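Proteins come first, then strands; the chains are lettered A, B, ... in the order of their sequence lines, and each starts at number 1. All values below were derived from every heavy atom in this structure, side-chain atoms included, with hydrogens, water molecules and symmetry-related copies excluded. Bear in mind the structure is a predicted one, so any value in this text is a computation, not a measurement.
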2 protein chains.
Amino acid sequence: MSKIEEKKERLLNVAQSIFSRFGLFKTTIDEIAKAARVGKSSIYYYFKSKEDIFKAVVEKELKTLKEKINQALVNIDNPQEKLKVFILTRMKYLRELANIYNALQNDYLEHYAFVQKLRTDYDNEEIILIKEILQKGIQEERFAIDDVELTSTVILVTLKGVEFEWSTKFNENEIEKNIDKLLDLLFNGILRR
Amino acid sequence: MSKIEEKKERLLNVAQSIFSRFGLFKTTIDEIAKAARVGKSSIYYYFKSKEDIFKAVVEKELKTLKEKINQALVNIDNPQEKLKVFILTRMKYLRELANIYNALQNDYLEHYAFVQKLRTDYDNEEIILIKEILQKGIQEERFAIDDVELTSTVILVTLKGVEFEWSTKFNENEIEKNIDKLLDLLFNGILRR
DNA sequence: TTTCGAACATTTTCGTCTTTCATTCTAATT
DNA sequence: AATTAGAATGAAAGACGAAAATGTTCGAAA
């Protein structure tokens, strides 16, 4: 990594921790500069604006999240298990990555073009990932799915819906139990046979 | 109905149509009074505050919604069919009743105590209704459900999640198709058998 | 090339005044 | 007495300009 990239990285880490605590609006460039022990104008040597820094931080967190999910999934073959691990890993790290979580949830940020783009882009990526898992399951003749598009949308929507409620109400252990039940519902449906 | 209740009703209808167009904040008591051809202080003879009027309007709409749903469900016996009709009816009328829809969705209203109460109360009622349908299905040995509580939560969350997306993207016919698929997913799951 | 102090530009904050609006009062009308 | 509404009240929301804070740029220095 080049010298300049190392410095950018350092500034980004500082910015990340401050943004995590105070959010985009309540942190000033000066704070970041002070914390990083540089003059505030130096920041502009590396980033073109405050929004740009925030964007970089969120993208960094997004990259981390994707890596964590990929790492968790890479040596799992069973598509049922894969879905479960995907959901669990997603929930776990999304909560840790405060800035991306905020960018995805906070209503005050939705007017920023890059946040909107981030949301739809990331939605799409997740849909694609879910679709791939489903397709693999179909290919292996484990799943029988009529409309993969709709099914993955429903899975993602449900995930986003229960995520908030569960992560405030339950501990990690209970969440896993709920996810198991949710997956059981998804796999088997509710009809008696 | 007493004279005073008739007048209240009339004022409420006027208020409903104005609130529907402009929302709680952008409509003034004066507007309602003018539209109803009464002096604005007369309104206070019937309602104790602006919030009180809005509350009454929302409750009126809620009552309408419940009636519509009950009417639609009353002579359906099959629990599968019942779920479908519930979902369709709910979607259809919720969109027509602008004020309750706003009260349930609009972030600016969530600070009002009665809106919060309305939301949680109505959530509970819907959960209860869904549970009842599920219980009936279990009783008739059509459904096999491990955790009825979680299942009904998941159904409601999914409903609320797809509702917005679908109602902007699809027409009534396509929505019905999607709901059919959604129900198929719910009933049969995705596992091949 | 990199840094930073100072200058500049833009936004936010604050105080003041004015206007609007919800609510109350009071007297008139039914 | 029940009902209505004009006028009064007070609190909140806007309009506006000055001052302060903050984001961004520039040019000189390390």
Side-chain angles (χ1 to χ4, degrees), chain A residues 1-58 99 103 106-115, chain B residues 1-58 99 102-103 106-109 111-115:
Chain A
M1 189 163 12
S2 72
K3 196 115 189 227
I4 187 167
E5 275 171 353
E6 274 174 34
K7 185 102 194 201
K8 260 185 112 159
E9 183 86 11
R10 237 200 73 225
L11 291 176
L12 232 41
N13 285 330
V14 172
Q16 181 177 25
S17 82
I18 299 183
F19 278 137
S20 294
R21 258 188 297 171
F22 303 115
L24 172 60
F25 304 119
K26 293 282 190 184
T27 88
T28 68
I29 298 277
D30 231 9
E31 282 180 274
I32 298 174
K34 293 258 170 63
R37 296 167 184 284
V38 297
K40 102 172 142 164
S41 46
S42 301
I43 305 249
Y44 287 86
Y45 186 71
Y46 298 96
F47 299 96
K48 84 174 204 297
S49 69
K50 184 182 177 181
E51 192 178 314
D52 194 51
I53 304 173
F54 186 69
K55 195 175 153 187
V57 166
V58 170
N99 292 301
N106 194 329
D107 289 325
Y108 295 105
L109 292 173
E110 81 187 355
H111 304 294
Y112 286 84
F114 83 93
V115 171
Chain B
M1 189 164 13
S2 71
K3 197 119 190 223
I4 187 165
E5 275 171 353
E6 274 174 34
K7 186 102 192 202
K8 261 185 114 160
E9 185 85 10
R10 238 199 72 225
L11 291 176
L12 231 41
N13 285 329
V14 172
Q16 181 177 24
S17 81
I18 300 183
F19 278 138
S20 294
R21 259 187 296 172
F22 303 115
L24 173 59
F25 304 119
K26 292 285 188 181
T27 90
T28 67
I29 298 277
D30 231 10
E31 282 180 274
I32 298 174
K34 293 258 170 63
R37 297 166 183 283
V38 297
K40 101 172 141 165
S41 46
S42 302
I43 303 238
Y44 286 87
Y45 185 72
Y46 297 96
F47 299 95
K48 84 175 204 294
S49 69
K50 183 182 177 181
E51 192 178 315
D52 194 51
I53 305 171
F54 187 70
K55 196 174 153 187
V57 166
V58 171
N99 292 300
N102 256 287
N106 193 330
D107 290 325
Y108 294 104
L109 292 173
H111 304 295
Y112 285 83
F114 83 92
V115 170

To the nearest angstrom, the CD-P distance between B/Glu5 and D/dA2 comes to 15 Å

Here the distance between atom P of D/dA20 and atom CG of A/Asp30, to the nearest Å, is 18 Å

A/Glu51 CD to D/dT22 P, in whole Å, measures 19 Å

OG of A/Ser49 to CD1 of A/Ile29, rounded to nearest 0.5 Å, is 7.5 Å

side-chain hydrogen bond (donor to acceptor under 3.5 Å, both in side chains) pairs touching residues 11-24 of chain B, sequence neighbours excluded, are B/Asn13-B/Lys60, B/Gln16-B/Lys60, B/Gln16-B/Glu61, B/Ser20-B/Asn99

Whole-Å distance, B/Phe25 CZ to D/dG14 P, equals 11 Å

In terms of heavy-atom contacts, B/Lys26 and B/Glu31 come closest through O-OE1, 3.4 Å

Interatomic distance, OH@A/Tyr46 vs CG@A/Leu12, rounded to 0.5 Å, equals 12.5 Å

d(A/Phe54 CZ, A/Thr27 OG1) to nearest 0.5 Å is 8.5 Å

Between CD1 of B/Ile29 and P of C/dT23 the distance, given in whole Å, is 6 Å

Whole-Å distance, A/Lys50 NZ to C/dT11 P, equals 12 Å

Atom CD1 of B/Ile4 and atom C1' of D/dA1 are separated, to the nearest Å, by 13 Å

Within residues 32-48 of chain B, those residues having any heavy atom closer than 4.0 Å to DNA chain D are B/Val38, B/Gly39, B/Ser41, B/Ser42, B/Tyr45, B/Tyr46

Whole-Å distance, A/Glu6 CD to C/dT2 C1', equals 15 Å

When B/Asn102, B/Ile53, B/Val14 are each screened for side-chain contact (heavy atoms from CB on, under 4.5 Å) with B/Phe19, the one that passes is B/Ile53

